[in-house]
Amino acid sequence: MHDTLVINCGSSSLKFALIRLSSQETLLSGLAEKLFEAEPVLTVKSAAGKQVVKLSEQGHAEAMRGILGVLQEQDLLSQVSSVGHRVVHGGEFFKSATRIDAAVVQAIRDCIPLAPLHNPANLLGIEEAMKAFPDLPHVAIFDTAFHQTMPEQAYRYALPDNLYQEHGVRRYGFHGTSHQYVTQQAAKLLGKPLEDTCLVSAHLGNGCSITAVKGGQSVDTSMGMTPLEGLVMGTRSGDLDPNIHLFLSQTLGWTLEQVTNVLNKKSGLLGISGLSNDCRELEEAKNQGHAGATLALEVFCYRLAKYVAAMAVPLGRVDALIFTGGIGENSRFVREKTLSHLGILGFHLDPEKNAGMVGGQSGPITREGGPVALVVGTNEERMIALQTREVLS
Ligand code: ADP
């Protein structure tokens, strides 16, 4: 068997999955978390059920040992033939998934200024996994790589040229693995070759981004140099007037770090509602008449609809709008509200189909005769495993 171990390493957690591509199965998946707290823990889901393992030491090395132990216990260790690593930022170095060697590690390190929170953690995951599986090939899959096909008019900011040339200040985009996966699935659902499709992909989870995908290639996306730009998200503000930084520092005396923290961690759905970053919770609160929750969802859907219309520009036509991620796959309300703003593009919601599309189902939610809105379940782990195999073959 050729199974791929998929690793997604954060600063205090390590997500993993074992994927068997021949049968499209996730054999096992899990999360090692609280890695620097008093009681780090590893949770594993597999056919054998759910298993919770207490880790005896702090840190990523112990998490990796725990994962090895579980694979061994379930007799799966010998089946692992490759390791695929999610890496957040590949800058302009990486236009596709790449087999990891010393030069690739260095290039990921060189991208740290672009993703200071994520790339160091991703590198740590690579280091530990290479120690644990020294004889296996390791492949890096970048969130940014799919968007490297964007034309310059889409990725450049209107800033002095040297900020781009000397410091890499440009739009990179994220969620590339998900956008690529769901657009491939959508082409299948539409019964069209991917090369002939013009698709808008809306990935709506805790982070949210939207991408215009023409013939299978990203031509524009809403996230920028960092994941803060674009749509309203769980705790991130998305687009705003950059002068707000100066205003907040002058009126409230906030440091740049404080402003950045508020924009990334205290804004978005959480900020507007004053209640929660969780869409499901907000919908419940809205149904009870909570004004903040209602407004947060209104702003979320309105901004999203504006971006869908904007993404029609590089596409020229819209064959389908894809909803994915936890919110896109499950929130009937968000899909309905968003489409209600998009009559101008010819979308007509089918309320029955919309109501039935929850919990990982895929399919259309619009009436015939206009562009299609589709719900497509994302599966980043499977896409990482697919790309790992592609690189190695
Ligand atoms: P992440 O970006 O962390 O992977 P997810 O893709 O799991 O996040 O999305 C999490 C979001 O999905 C949360 O806001 C959650 O409330 C929302 N969500 C999940 N299920 C539902 C549901 N049934 N109705 C509305 N929102 C939901």
Side-chain angles (χ1 to χ4, degrees), residues 6-17 26 29-31 33 43 45 86 88 117-118 121-122 141 143 173-182 185 201-211 221-223 226-228 230-238 264-288 290 292-294 296-301 303-304 322-339 351 354-362 365 375-384:
V6 173
I7 302 279
N8 181 354
C9 192
S11 55
S12 62
S13 69
L14 202 164
K15 251 191 188 172
F16 62 97
T26 301
S29 65
L31 173 70
E33 58 184 332
T43 314
K45 277 195 272 178
R86 177 187 179 216
V88 167
L117 297 179
H118 293 103
N122 299 156
I141 289 85
D143 271 22
F174 298 87
H175 288 144
T177 313
S178 176
H179 289 301
Q180 190 172 11
Y181 180 78
V182 297
Q185 298 301 312
S201 165
H203 178 107
L204 312 173
N206 279 311
C208 301
S209 74
I210 189 163
T211 298
T221 193
S222 60
M223 280 178 170
T226 77
L228 184 59
L231 303 176
V232 176
M233 314 186 204
T235 62
R236 295 190 198 121
S237 63
N264 280 282
K265 305 220 168 111
K266 303 208 162 122
S267 300
L269 292 174
L270 172 66
I272 304 174
S273 68
L275 184 70
S276 168
N277 63 321
D278 187 285
C279 180
R280 200 173 355 189
E281 238 174 279
L282 292 179
E283 285 186 33
E284 280 161 20
K286 171 184 71 70
N287 294 338
Q288 312 281 324
H290 190 288
T294 307
L297 291 166
E298 299 268 351
V299 177
F300 182 93
C301 296
R303 173 94 55 92
L304 173 58
I322 303 160
F323 287 98
T324 193
I327 298 175
E329 291 168 39
N330 294 296
S331 173
R332 306 168 179 113
F333 172 80
V334 165
R335 297 189 304 239
E336 179 179 352
K337 188 84 198 169
T338 304
L339 288 183
N354 186 40
M357 211 59 76
V358 278
Q361 293 187 57
S362 294
I365 56 166
V375 176
V376 180
T378 193
N379 192 332
E380 288 167 272
E381 288 79 17
R382 187 184 297 167
M383 192 68 195
I384 289 174

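In this text, all values refer to a predicted model and were calculated from it rather than measured experimentally. Sequence positions, counted from 1, serve as the residue numbers for this chain. Note that ligands are numbered from 1 as they come in the structure, with each ligand's atoms numbered from 1 the same way.
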Which option out of Asn330, Leu282, Asn277, Leu297 puts a heavy atom nearest to atom 23 (N) of ligand 1?
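The nearest heavy atom belongs to Asn330.
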Do any N or O atoms from the side chain of [X] and from the backbone of [Y] form a donor-acceptor pair under 3.5 angstrom?
X	Y	result
Thr221	Ile210	yes
Asn122	Cys9	yes
Arg335	Val375	no

Asp143 and side chain to side chain donor-acceptor pair (under 3.5 Å): which single residue from Arg86, His175, His118 fits?
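The passing option is Arg86.
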Please name the residue in the list His203, His179, Glu329 that meets the side chain to side chain donor-acceptor pair (under 3.5 Å) test with Thr324.
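The option that passes is Glu329.
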Would you say Asn206 has any N or O atom under 3.5 Å from an N or O of ligand 1, going by distance alone?
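Among all N and O atoms of Asn206, at least one is under 3.5 Å from an N or O of ligand 1.
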Return the closest protein heavy atom for [atom] as residue, atom name and distance.
atom	value
atom 16 (O) of ligand 1	Asp278 OD1, 2.7 Å
atom 6 (O) of ligand 1	Gly326 N, 2.9 Å
atom 26 (N) of ligand 1	Arg280 N, 3.6 Å
atom 17 (C) of ligand 1	Ile327 CG1, 3.7 Å

Atom indices of ligand 1, in the order listed, that fall short of 4.0 Å to a heavy atom of Glu283:
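Those of ligand 1 that fall under 4.0 Å from Glu283 are 25 (C).
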At less than 4.0 angstrom from any non-hydrogen atom of Cys279, what atoms of ligand 1 do you find?
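That gives atoms 14 (O), 16 (O), 26 (N) of ligand 1.
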I'd like to know whether Ser29 forms a side chain to side chain contact (heavy atoms under 4.5 Å, CB included) with Glu381, so could you lay out the CA-CA distance, the side-chain angles of the two residues, the decisive distance to 0.1 Å, and finally the verdict.
CA-CA 9 Å; Ser29 65; Glu381 288 79 17; over 6 Å; no
Within-cutoff protein neighbour (heavy atom, under 4.0 Å) for atom 4 (O) of ligand 1:
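Neighbour list for atom 4 (O) of ligand 1 is empty of protein heavy atoms (cut-off 4.0 Å).
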Side chain to side chain contact (heavy atoms under 4.5 Å, CB included) between Cys279 and Phe300: does it pass, once the steps are laid out?
CA-CA 10 Å; Cys279 180; Phe300 182 93; over 6 Å; no
